[in-house]
Student: 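I have a structure here, written as structure tokens, and I will follow up with some questions on it.
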Amino acid sequence: MENSATRNDPLPSDAVTYDPSAIEQKWQRIWQERGTNHTDLQRAQRPFYALMMFPYPSAEGLHVGNLFAFTGNDIYGRFQRLIGHNLFEPLGYDAFGIHSENYALKVGQHPMDLIPNNIANFQRQLERAGLMVDWRYKLTTTDPSYYKWTQWLFLQLFEQGLAYKKQAAVNWCPDCKTVLANEQVVGGLCERSKTPVEQRLLEQWFFRISDYAPRLLENLDHIDWSETTKTAQRNWIGRSEGAEIAFEAENVAGGECEIRVFTTRPDTIYGATYLVLAPEHPLVDGLVKPAERKRLNAYREKTKKQDIITRKTSTEKTGVFTGSYAINPATEKQIPIWVSDYVLMEYGTGAIMGVPGHDQRDFEFATKFELPIVRVVCGEREDASTPLHEAFTECESGTLVNSGMFDGFRVEAAKKAIVELLSKSGAAKPIVHYRLHDWCISRQRYWGPPIPIIYCEACGVVPVPEKDLPVVLPFIEDFKPDDSGVSPLARHEEWYRVECPKCGKMGRRETDVSDTFLDSAWYFLRYPSVGRDEVPFDKSITKKWLPVNSYIGGNEHAVLHLLYSRFITMALHDAGHLEFEEPFTRFRAHGHIIREGAKMSKTQGNIVNPDEYIEHWGADAFRTYLMFLGPYEQGGDFRDQSISGPRRFLDRMFASVQSMSSDGSPDHSVMRKLHQTIRKVSEDIPRLSYNTAVAAMMEYMNVLRKGERTPHRDEVLPLIPLVSPFAPHIAEELWEQTGGTGSVFDSAWPAFDPALAMDDSIELVVQVNGRVRGKITVARDIGEKAALVAALAEPTVAKFAVDTPKKVIFVPGRLINIVV
RNA sequence: GCGGAAGUGGCGGAAUUUGGUAGACGCGCUGGACUUAGGAUCCAGUGGAGCAAUCCGUGGGGGUUCGAGUCCCCCCUUUCGCACCA
């Protein structure tokens, strides 16, 4: 803070000067008294729901990144209110989950004690920032009145058959001691702890999100979201069109055995010279010949032990032969069946056909193990005998060769024709495969909502009746997870022993809790209905306020929270609870801020503490600076020195109101600039182009005060609402000082008058041979002939335009280019 | 490896919509005013070279055009996603 805390000097004695802390405290108090930030949800005529991603209330307190995000949303929301909407800008806390729990373990406190303290601290910090949040609708995911409905949501999905339990190989994080969703595993590492993830076979609850893959993908074309976010979702859903092809084989017991492979290149089947199964593939045992068994077992052991990260990143091909053969349904030749870890059990069918001529991985594998490489596609200027030095993967220019009756087919046509042929004998079928897997929601942890299920010896899996919700998370001292794969709650018999709701015999509660992402997958539905105990969300209020008009948040949630929220909304829509199936009409991803060119982190000790800055510069200057330091959707660089600029701007704004005069009439050219500024700011805010909006207002301030002129009242007043979304406290204060009634946020956005913004004379750029040689001031609507005459009259122009012009390019109102 | 985005003064960044004055705005810096003082405030200046006319400048190289930061081709660098996805 050395550089930034240098400004609170004694001020000239008599002048009324800008004192942010006094003004900010005053207006935060008045807003609360008057209920300025309150929304009348029932009576609103033009509802506008401006949502921001709610924070996880960490012990460190509010991060400047949170404030950057929230301020951007607040500006957008306040602007919507000023142009006549009824704004609803709620905020809450995402307080369940491993983050909180691990921190609690680390500091030796119980999360039930810790979280309320953290929330209180966050609340204090957020209130200082001056957000237009209606705190009456605050929600906290750890509150039983909230998670009661998270559990209800689970039951809804259970009833629809969208929640099911299965034993599956799941991602186990040995550090967090819980399973993780696929989305929480990044490059084989736990997204949170960066520990290599292991595979474990466990009974887990899943949601059938994969059933929704086509809809989740198609709807992306119709929603107004940041393109980067949509791309991330498309990649994650991972649609790929291809075919499933069956290869006949004989197992060691002498029985028939069918190996199904998924391929996007059925056209290359004549070049399939071997098959590869994933080491975990269930058919491997039956296929391995006694002579190969020892080597194969050793190989499978080795892959099992290897962590996923090395398996997925090393491209060195390894593998073993099973000793068995399959029949290629196209060539009817015998091809060997191999096992290799480059084939993954979780994708497709866990088996592939090896086409070394036209797949780089297969090429490497075949080269290493000396398997035949056959060319079945050739490009332009190639033929069937052109040697292959690497896989030929080009599709567009490809023509089939060595492919029997399909020789000469183009790749695309061959794909269809071959699948069609093979499907007649049942050997193939066209298939669309999605990478998206079902969402594993079980967590073997303590700090989450218990999954509302009871296991009964007689009745089996019994959902907890809705009237018994919430299943309250008990306060237990011993909440530490262990390596057993069993939840901490399972150690508390007094809690999990419960009567079966169906037959009344003693049963056992599900002791896993649900994923934190379930808490946040529906919170936007709850906000308008906070306080309603009998429903998760009120029907008419929901109809009035949802879907969310504008949602702003970080792109790190592109495939987690945002995808899950869409899925949950669709599922509730299908169950008749909602009338819409996409929750967020418009989504924009904000950027992230760094500090002095480096990433902010606790270890580097370069975290910006909002409290200190607000203390020294005021919340308004801090907000304005955050919005000014870079393009909102890209983020920017927080530099201590630079905050003085926006603060100076507010100082000058304040001073202008104190010194403005009502005598005479405003300056014509200043008023012109004012209207140009109104236009610019009105266009920039909806585009989230906040940095240029602030720059435009600064530019106007420079014009307003140029050469120490005394600004006129009419020149100054419209600036107050204009600046109010950015700096709400000072705007409110100046609004009051200048005789405004009520809140500036209940006034109107300044009207833009195109006639006033229009320049009557313009600077026309004069070029000779495309190079700028001068500028002439002319009437705005000057014609080409008059412009040419005026241009040639300029000495600097005449000097270069010595010959008769060959050609003249005239762009009305902008430039004239004389070609000689 | 694949895909997206980006490369502009000492620094953060404008201008890319529609090819038409490159460097808005701010920080920093320089000079000045007011001052006992200035790390406050205000005024003026600030891409580079040159006394000047002028020339050179948006990662590098080509191209299209009267005119290119903007469009096209090749290359380099940074960055963010995805990553043995069959």
Side-chain angles (χ1 to χ4, degrees), chain A residues 3 6-12 15 17 186-188 227-228 231-232 234-236 238 240 242 261-265 268 276 311-317 340-344 346-355 358-362 364-365 433-435 555-556 558-559 592 594 596-597 625 628-631 634 636-646 648-649 651-652 655 687 689 691-702 705-708 763-775 796 799 805-811 813-820:
Chain A
N3 293 332
T6 54
R7 252 195 72 108
N8 288 344
D9 296 276
L11 297 152
T17 50
V186 179
E227 211 43 56
T228 50
T231 305
R234 285 193 188 103
N235 290 341
W236 188 260
S240 67
V261 306
F262 174 69
T263 179
T264 53
R265 293 294 305 277
T268 62
V276 188
R311 173 163 172 185
K312 287 201 170 180
T313 49
S314 92
T315 47
E316 181 63 30
K317 297 287 176 289
S340 170
D341 66 359
Y342 85 95
V343 173
L344 307 172
E346 75 245 26
Y347 190 79
T349 58
I352 61 148
M353 59 182 203
V355 185
H358 305 284
D359 181 286
Q360 194 51 38
R361 295 155 299 177
D362 297 346
E364 286 162 22
F365 190 79
H433 185 263
Y434 294 92
R435 198 180 85 121
N555 228 1
E556 63 275 17
V559 292
H592 290 277
I594 54 173
E596 314 279 350
Y625 174 56
F628 180 65
L629 55 72
Q634 282 163 47
D637 195 357
F638 190 102
R639 290 176 178 262
D640 281 352
Q641 279 183 329
S642 304
I643 192 173
S644 58
R648 221 185 316 269
F649 166 70
D651 281 332
R652 282 151 61 91
R687 293 196 324 220
S689 197
N691 57 333
T692 52
V694 174
M697 291 187 285
M698 287 175 165
E699 207 176 328
Y700 178 60
M701 184 63 69
N702 291 341
R705 298 176 65 84
K706 190 166 177 74
E708 296 182 80
E763 263 197 348
L764 190 76
V765 174
V766 183
Q767 296 182 338
V768 179
N769 290 341
R771 309 195 61 145
V772 179
R773 296 299 179 188
K775 294 164 197 177
T796 49
K799 194 160 115 195
K806 268 193 242 165
K807 190 175 170 187
V808 174
I809 292 109
F810 180 67
V811 184
R814 300 197 86 150
L815 67 72
I816 183 163
N817 184 11
I818 302 160
V819 185
V820 294

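Below, chain A is the first sequence line, B the second, and so on; all start at residue 1.
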Student: In terms of side-chain heavy atoms of A:R652, which of B:A86, B:C42, B:C11 is nearest?
Tutor: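 Shortest atom-to-atom distance from the side chain points to B:C42.
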Student: Look at all strands and tell whether A:R234 reaches a base, only sugar-phosphate, or nothing, counting heavy atoms closer than 4.0 Å.
Tutor: nothing
Student: For B:C80 and B:U70, measure between their C1' atoms and round to the nearest Å.
Tutor: 24 Å
Student: The side chain of A:N702 lies closest to which of these nucleotides: B:G12, B:C25, B:U21?
Tutor: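 Between B:G12, B:C25, B:U21, the one nearest the side chain of A:N702 would be B:C25.
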Student: Kindly point out which of B:A44, B:G20, B:A86 is positioned nearest to the side chain of A:K706?
Tutor: B:A44
Student: Find which nucleotide of RNA chain B each of A:H433 and A:D637 is nearest to by heavy atoms, and output the residue with the more 5' nucleotide.
Tutor: A:D637
Student: Expressed as a whole number of Å, how far does the C1' atom of B:U16 sit from that of B:G69?
Tutor: 8 Å
Student: Scan A:T228 against the nucleic acid and name what it touches under 4.0 Å (heavy atoms): base, sugar-phosphate only, or nothing.
Tutor: nothing
Student: When the P atoms of B:C55 and B:A22 are compared, how many Å lie between them, rounded to an integer?
Tutor: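 Roughly 13 Å separates the two P atoms.
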Student: Let's see if you can work this out: which of B:A86, B:C27, B:C66 has an atom nearest to the side-chain heavy atoms of A:K807?
Tutor: B:C66
Student: For A:D640 and A:E596: C-alpha separation, side-chain torsions, deciding distance, then whether side chain to side chain contact (heavy atoms under 4.5 Å, CB included) applies.
Tutor: CA-CA 8 Å; A:D640 281 352; A:E596 314 279 350; 4.2 Å; yes
Student: Which part of the nucleic acid, if any, lies within reach of A:E699 when heavy atoms closer than 4.0 Å are counted: base, sugar-phosphate only, or nothing?
Tutor: sugar-phosphate
Student: For B:A68, which nucleotide in any strand shown is its Watson-Crick or wobble partner with both distances under 3.5 Å?
Tutor: none
Student: Between A:V765 and A:A232, which has a closest nucleotide on RNA chain B that is more 5'?
Tutor: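 Result: A:V765.
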Student: So if I take every side-chain heavy atom of A:A695 and compare against B:A24, B:G20, B:A86, which nucleotide ends up nearest?
Tutor: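 That would be B:A24.
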Student: For A:T692, which contact category applies under a 4.0 Å heavy-atom criterion: base, sugar-phosphate, or nothing?
Tutor: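 Counting heavy atoms under 4.0 Å across all strands, the contact made by A:T692 is with sugar-phosphate only.
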Student: Describe, in one word, how the ring planes of A:F365 and A:Y342 are oriented to each other, choosing from parallel (under 30°), tilted (30 to 60°) and perpendicular (over 60°).
Tutor: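 A:F365 and A:Y342: tilted rings.
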Student: Could you measure between the two C1' atoms, the one in B:G13 and the one in B:U8, and give it in whole Å?
Tutor: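 After rounding to an integer number of Å, I get 10 Å for this pair.
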Student: Can you find a donor-acceptor N/O pair under 3.5 angstrom joining the side chain of A:E227 to the base of B:G4?
Tutor: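 It does not, because no donor-acceptor pair links the side chain of A:E227 to the base of B:G4 below 3.5 Å.
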Student: With a 4.0 Å cut-off on heavy atoms, is A:N691 in touch with a base, just the backbone sugar-phosphate, or nothing at all?
Tutor: sugar-phosphate
Student: Aromatic rings A:Y347 and A:F262: how do their planes relate, parallel, tilted or perpendicular, breaks at 30° and 60°?
Tutor: perpendicular
Student: For A:Q767, run the side-chain contact (heavy atoms from CB on, under 4.5 Å) check against A:I809, A:I816, A:V772 and tell me which one passes.
Tutor: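 Only match with A:Q767 under side-chain contact (heavy atoms from CB on, under 4.5 Å): A:V772.
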Student: Counting side-chain heavy atoms from C-beta on, which of B:G26, B:C11, B:U41 comes nearest to A:R639?
Tutor: B:C11
Student: In terms of side-chain heavy atoms of A:V811, which of B:A86, B:A15, B:G20 is nearest?
Tutor: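 Shortest atom-to-atom distance from the side chain points to B:G20.
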Student: Contact class for A:R435 vs. all strands (heavy atom < 4.0 Å): base, sugar-phosphate, or nothing?
Tutor: base
